[in-house]
Amino acid sequence: MQITIAGSGIGGLATALSLHAAGFDDVVVHEASPEIRPLGVGINLLPHAVRELTELGLADRLAAIAVRTAELAYFNRYGQPVWSEPRGLDAGYRWPQYSVHRGRLQMLLLDAVRERLGADAVRTGSRITGLEHDSDLLVGADGIHSAVRAALFPEEGAPPWNGLVLWRGTTYAPPFLTGRSMVMAGDGTQKFVAYPIGDGRLINWIAEQPLDGEPPERGNWNRPADLATVAEHFADWTFDWLDVPAVITAAEAAFEYPMVDREPLPYWTREDVVLLGDAAHAMYPVGSNGASQAIIDARVLAHSLATTGSAAAYEELRRPATTALQLANRRQGPEVVMKLAHERAPGGYADIEDVVPLAEREEIAAAYKRTAGFDPALLNERESWSVR
């Protein structure tokens, strides 16, 4: 079976590796850019995605470039605790959770593809512009602006914007909390996220707030932003455990991105074409799920093709699951606890238990894990998607 993959992002490369592991050797990844460079900033890999990379034989390589996340902690806009929980191995999973530079992860996957499928398995400067191909299957893994998706759904247009803008950057700063903590502070409208992705001092951060007027270019993660302007919006967010404006202004650069997603689709497959990753289900960057879901897509697609000869089982399993996740992220996912704390106690509180009781916080966190597919008991017990 000859398979063409459009896009050499995390989803496309994970698909090539998954297909090879499932017995498909005639696989070629086409990348429009003339050179693949380690672009981007930090991302998170949740335990269900780390499981898949582990089963692809990449556990040691991944551990060497990533930070193992110890906890996820939410705070209000004054730095008061809302909710915290252990993550990865500390939460009882059989696999860790990692924070990692997106570009370093992409290069890890690229190296593995070339080692296992050959140097010619990834072709740069080769753009897939529609549905035409000379193989048995075309996998559209070409991102939120997917040409393959546009050919399948020509009336769709640009991704919808929700009125919020994200600024993303990296800063060398002293470690905070456990030194391996992922933190989110906010009120449901404004938000600041930070977590280490390097040697404990390289901090990846995201600042978010509403934007008046027209959005910047949608879906472009590389639009520069002015650090001083970003810091002004968070000028009074100075906590005893993190100085937010200082972290922002100390960055070498920041990038601006309007918060966009895609509408859920009625189908992902048609004849000899299938969508995967952001091309199939681009979602708001809530709950740390984008890259993880693309990796899971890759593994399920390879399993479906190897065991049934078609992508039907892949779509049957993944499309309803990611549709539910897209909609949950539009409702702020687990981050809604910050919104609830602000609505009920806008000036802060002495005890979060009086504002958002523990049982409510626990259920919000547990419900999102079930929706996103990383409930610890279910993940630990689920059968492998490895074919051989």
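Computation of the quantities below employed the complete heavy-atom set of this structure, encompassing side-chain atoms and omitting hydrogens, waters and symmetry-equivalent molecules.
For Y195 and W205, the ring centers sit 6.0 Å or farther from each other. Ring centroids of Y349 and Y78 are separated by 6.0 Å or more, keeping the two rings apart. Taking the centre of each ring, F75 and W83 stay at or above the 6.0 Å mark.
Counting heavy atoms from C-beta outward, L379 and W95 have side chains that approach closer than 4.5 Å. Within the 4.5 Å cutoff, the side chain of I203 has no heavy atoms near those of the T170 side chain. Side-chain contact between N76 and I352 is absent, with no heavy atoms from C-beta onward closer than 4.5 Å. A heavy-atom distance below 4.5 Å is not found between the side chains of E256 and V230. Taking the side chain as every heavy atom from C-beta outward, I248 and W167 never approach each other to under 4.5 Å. A heavy-atom distance below 4.5 Å is found between the side chains of V183 and W241. Contact of the P159 side chain with the H145 side chain is registered, since non-hydrogen atoms from C-beta on lie closer than 4.5 Å. Side-chain contact between V100 and V67 is absent, with no heavy atoms from C-beta onward closer than 4.5 Å.
One distance of note links CG of L17 with CG of L110; it measures 9.5 Å at 0.5 Å rounding. Distance check: L108 CG to L58 CG gives 6.0 Å after rounding to the nearest 0.5 Å.
Among all heavy-atom pairs drawn from L46 and G287, the shortest one is CD1-O, 3.7 Å. Annotation for P196 and F176: closest pair CD-CZ, 4.4 Å, computed over non-hydrogen atoms. Nearest heavy atoms, Q332 versus G188: NE2-O, 3.1 Å.
Side-chain contact annotation: N289 with Y368, donor-acceptor N/O pair under 3.5 Å present. Inspection of the Q326 and R330 side chains reveals no N or O donor paired with an N or O acceptor under 3.5 Å. Looking at H30 and S126, their side chains do bring a donor and an acceptor atom within 3.5 Å of each other. A donor-acceptor contact closer than 3.5 angstrom is absent between the side chains of Q2 and D136. For the residue pair R299 and S386, a side-chain donor N or O sits within less than 3.5 Å of a side-chain acceptor on the partner. D272 and H133 share a side-chain donor-acceptor pair at under 3.5 Å. Between S181 and E71, the side chains place a donor N or O and an acceptor N or O closer than 3.5 Å (distance only, hydrogens not considered).
For the side chain to side chain contact (heavy atoms under 4.5 Å, CB included) test, residues two or more places apart in sequence or in another chain that qualify with T69 are N44, R87, Q97, S99, M182. Residues passing the ring pair (Phe, Tyr, Trp, His ring centres under 6.0 Å) test with Y98, sequence neighbours excluded: none.
Between E381 and R94, no side-chain nitrogen of the basic residue sits less than 4.0 Å from a carboxylate oxygen of the acidic one, so the salt-bridge criterion is not met. A salt bridge links R382 to E52: one of the charged nitrogens lies within less than 4.0 Å of a carboxylate oxygen. Between R318 and D297 there is a salt bridge, with a side-chain nitrogen of the basic residue lying less than 4.0 Å from a carboxylate oxygen of the acidic one. Comment: E335 does not engage K339 in a salt bridge, judged by the lack of any side-chain N to carboxylate O separation of less than 4.0 angstrom. Of the charged side-chain nitrogens involved, none lies within less than 4.0 Å of a carboxylate oxygen, so that E208 and R168 do not count as a salt-bridged pair.
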Under the side chain to side chain donor-acceptor pair (under 3.5 Å) rule, what do S384 and E55 come out as? Steps first, then yes or no, please. CA-CA 8 Å; S384 173; E55 294 186 4; 2.6 Å; yes
Working for salt bridge (Lys or Arg N to Asp or Glu O under 4.0 Å), residues R68 and D90: CA-CA 10 Å; R68 183 167 61 82; D90 298 309; 3.6 Å; yes
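A side chain to side chain contact (heavy atoms under 4.5 Å, CB included) with E31 is found for exactly one of L13, I36, I5, D142, namely I36.
For the pair R270 and W268, the cation does not sit on the ring face, since its NZ or CZ is not both under 6.0 Å from the ring centre and inside 45° of the axis.
Relative orientation of the W237 and F239 rings is tilted, given thresholds of 30° and 60° on the angle between their planes.
A donor-acceptor pair is defined here as one N or O able to donate and one able to accept, closer than 3.5 Å; no such pair exists between the side chain of N204 and the backbone of V41. With hydrogens and angles ignored, the 3.5 Å screen pairs no side-chain donor or acceptor of S8 with any backbone N or O of V29.
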